[in-house]
Amino acid sequence: MDYDVIVVGLGHAGCEAALACARLGCSTIGLTVSMDNIAQMSCNPSLGGPAKAHLIREIDALGGEMGIAADETFIQMRMLNTSKGPAVRAIRAQIDKAAYQTRMRRTLQCQPGLVVKEAMVHDLIVRDAKVVGVRTDVGDIMSEAVILATGTHLGGRVHMGEMSYESGPDKQPSAVKLGSSLRRHGFAMNRFKTGTPARIDGRTVDYSATKIQLGEDLPCGFSYLGRPGPREQIPCWQTWTNERTHKVILENLDRAPMYTGAITGTGPRYCPAIETKIVRFPDRPRHQVYVEPQGRQDQEMYLAGVSTSFPVDVQEKMIRTIRGLEDVHIIKYGYAIEYDCIDPTQLAPTLESLEIGGLYFAGQINGTSGYEEAAAQGLLAGINAAMRIMRREEQPLIIDRSEAYIGVLIDDLVSKGVDEPYRLMTARAEYRLLLRQDNADLRLTPVGRRVGLVGDERWRRFSAKREAIEAIRGGQEVSDALQEYADEAAEQVEIETKFAGYIAKQRRQVEEFRKLEKWLIPQGIDYSKLTRLSREARERLGAVRPLSVGQASRVSGISPADMMALTVHLKEMAHAERSGEAAKRNG
Amino acid sequence: MFRGDTIAAIATPAGIGGIAVIRVSGPGARDVAERVFVPARASSDSGDASGLCPAKGWVSKYGHVYDGSGDLIDEAIMSWMPGPSSYTREDVAEISCHGGTAVARAVLQAVLEAGARIAQPGEFTRRAFLNGRISLEQAEAVLSMINARTERARRAASSFLGGRLGAKVRKAQETIVSLMTLIEASLDFPEEDIPDVALKELADESVRIASLLEEAWRDASRGRILWEGVSVAIVGRPNVGKSRLLNALLGEERAIVSESPGTTRDVVSEVANIRGIPIRLIDTAGMRDSADPVERIGVERARTALKDADVALAVVDGSVPFDRADMEIAAQTPGKHAIIVINKCDLPEELGREDAQRIAAGRLCLKVSALTGEGLDRLEEAIETLVLGDGGRGSNSMGPLPAAGEGGTWINGGHSEIGMGLGREGSELLGMRREDCLRRAASSLRDVARGVEEGMPPDMVSIDLRAAMDTLGELTGETTREDIVDRVFAQFCVGK
């Protein structure tokens, strides 16, 4: 045994996973094809927004790293949805891409119990349905658990116009062998597609033709560890496509891999390439484009809104039709990337494989998109891998849909599965009003403390805030010692009071929901023998192996009649067990 | 489903029997019982300190049931069976009130308003099993029942969804889904070119749909749409034997019958069990021009009843010569769902075949004697076929019937080609569950408007809008959370 845990890939999922494992006492190694890839933001240099800011806050409340790193390195921060209610209010930040990577790399390198290594993983080493290590280009590494967080590297293929080649993002090598290894081990795979726009030279933008978007001085950042230090914020710039842009696109559709049939993977509907937008929404006279700075020291700007896989000459022509970008210099062209990911219904809600013990999956390999979604999964996979090794006697950490967006995300993945790159939205959360970004600490910091990731400083702050809330609820003055938390505490009490009726409604819904979540299904149940269930139900439940009746009810293809049959069967089993025990006692 | 909440339903078959039992089961049964039921002599029974619903031991009490506004609904017996000594092993209250759909429904309505929800098919039995009250063999029976119910519910739902009310509900749902899509898009993609939701318009629209649903609900409770049976109006000139026919079909003496014409001065409505189908028979005042103001009102009500009924039986006295008035009354019956009943065939026949044909004008025509019961079988069969259509019997049994003289039936062209298309189960299941859904959805929509009025932000009002959408979804079996996400992506060009 070389290490307790191997983390494959050190993107946003891998970083959280590796840190969590090491902090929980596991000797951990993080593998990456290049140290330059650590915590890379391959797409927008931005974090947050509805549901995503919520995730960052939840990661932070549990003791993860993303929120702290973002607060240290952001170059612009705003609060979105301020007039739409507390449930959907959300922080959004532009991040200094290079600074974030440096910050995260330093954190990994300073973390006791964690080492990193450049290596390309080719294969899993599996014995008796348990993973025991990985084969890499620099030798075998043995471990108790493996967390795969390979992002878009798995079977990656880049498309740019007529050009197409095997590659991970940013010309990194594609992990071809690992993909076939997973198939060999019986994993069902999906093929997804995502894309990225061109990066341009900021000096060649005519900012006077664009609309400026400034940051705001917010009283808080992502992390509950305190208000981020003051800094000069950098603006973003807004402009729009126009009829000439659309004309260039339509005239060149026969050169777009999206439409020539070169790309077969399923792309996300929420983040379409500009060519897709023009084709699908022909009536829209214009689409917005943001010119976003990638860093304080960087003239490379990100062109949000015009993700594309056109050939370079079309990209040049198209972008130059946009107001303010007439004389722009392109540094990196946009491209589409197809990649393999697993069907996540093959995972337990701990993100461990149902078939191979000790093997965890997190991030884009599970069919999600987004840095925040990846980090959240990495954190949960890391915690559960560590608990599997260090604290076998304890229950793994499973967060349900009523507790956190993390719970919504993971339950959607493992119960329903995905048919396109999955993005979290507040609309996916049934109990949205209870899962606010302002109360993620109240919801999850006690959980993080129990798990062991919440340190004393975080716990002290949390307890102080709770004390302040109690004081205000009781109609008392907040003591001087707690003044720092007075505003946040007052906000909590105000929301509780002002929206009490709605909160009560949602709490009642949660109570109903929990009844079914608490009704556990014994593992090892043979669904193929439950002849009262429809054939499809037997197959789906056998594949997903839901932990609870509640989870079973969300598995796709399960009808109410199937649910009734299942619950009747479970009761039968319980009766049989009880009478068996009674017989034993009497015998 | 599977909620351990408090459920209620009418436990006796629809419209049949002199007593109806409304069963309430669950942790809230005591609350519900105490709210709707007031014992006649409050706790005077020999030092009964434990009140209406003691924690232990069964009790039965006589008293009265009141609705939410304190109006008396009916006298009743309330039986209290605290868990686990009850059928479901939960606290159970059973209210036995007078039979007849209207009373039982009013009691159930009061129970629902007091905090229970309508039980799913087989839910009491399911709880009984899940709580270990009944055996495995019985559980098998539960399952087959559930399956049968599911299939019936599915069929009933499809007949409902194709109907007038179904169309209304779906339209309402469609509007709500569109509103929901607008809200969700604006909440989840604030940085896109998506207009913020105009809350005032949202409120107006919600109120509009709420009224629509409330109207549908009122329609339903007036019985114009068939909830729990089919209404059959018995019309005709005075003294042709309408009331006797009602009694004959009911199999009991209910309406007052006398030789003097115009005895029935108002509309009498009773539920009959005709070949297993609950049928609401409506006896009406004889239609004639009268100087008596009371009788005139009766005639007017008869006309309304005829208009609202699903099927009309136009009764003609076969023992008297042809009267133009019979033809005029027959002409008022809706062509398709009418049967011309030539009554008093026990008496010498005075009405000729041609006369009968003139009256029937193409409608089905049958000879009966309400007095002796002759021909009633055929009439019942005809009603059944008309209501159930072909699906009920697997045959178009109203095809050519024997000609005049053969068994006393005349046929003037059958009108049973499809019947009303309800199907036996359909008519049985068109029930209060739907009314309950409509009412709850409308109430959620009113909450949307109230929230907007109180200045609540969109994330709050979306909770009530979503509740309305989910409730209507129970009715139509459509729309899930994922559908909204799909629509957001289909309608809005989002994403950086």
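- The distance from the CZ atom of A:F499 to the CE atom of B:M460 is 4.0 Å, given to the nearest 0.5 Å.
- Remark: B:E454 does not engage A:K498 in a salt bridge, criterion side-chain N to carboxylate O under 4.0 Å.
- The distance from atom OG1 of A:T426 to atom CZ of B:F189, rounded to the nearest 0.5 Å, is 9.0 Å.
- The minimum heavy-atom distance between B:E191 and A:Y290, with the atom names listed, is O-OH, 3.9 Å.
- Only the side chain of A:R78 comes within less than 4.5 Å of a heavy atom in chain B; its backbone stays farther off.
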Exercise. Applying salt bridge (charged side-chain N to carboxylate O under 4.0 Å, His left out), run through A:R508 and B:D5 and close with a yes or a no.
Key: CA-CA 11 Å; A:R508 278 198 297 277; B:D5 51 1; over 6 Å; no
Practice problem: Apply side-chain contact (heavy atoms from CB on, under 4.5 Å) to A:R428 and B:D188, showing your working. | Solution: CA-CA 10 Å; A:R428 297 193 196 269; B:D188 266 312; over 6 Å; no
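- For the pair A:K84 (side chain) and B:S186 (backbone), a donor-acceptor distance under 3.5 Å is present.
- Contact tally against chain B (heavy-atom pairs below 4.5 Å) for A:G49, A:G501, A:P86: the top residue is A:P86.
- The minimum heavy-atom distance linking A:Y502 with B:D447 is given by the pair OH-O, 4.4 Å.
- No side-chain heavy atom of A:M425 sits less than 4.5 Å from a side-chain heavy atom of B:L187.
- Between the side chain of A:Q506 and the backbone N or O of B:I463 there is no donor-acceptor pair closer than 3.5 Å.
- A:R89 has no carboxylate O lying under 4.0 Å from a charged side-chain N of B:D459, or vice versa, which leaves the two without a salt bridge.
- Note on residues 177-187 of chain B: pairs passing salt bridge (charged side-chain N to carboxylate O under 4.0 Å, His left out), not counting sequence neighbours, are A:R432-B:E184, B:E184-B:R466.
- Taking 4.5 Å as the limit, some side-chain heavy atom of A:P50 sits within range of a side-chain heavy atom of B:P190.
- The number of heavy-atom neighbours closer than 6.0 Å to CD of A:E216, taken from other residues, nucleotides and ligands shown, is above 12.
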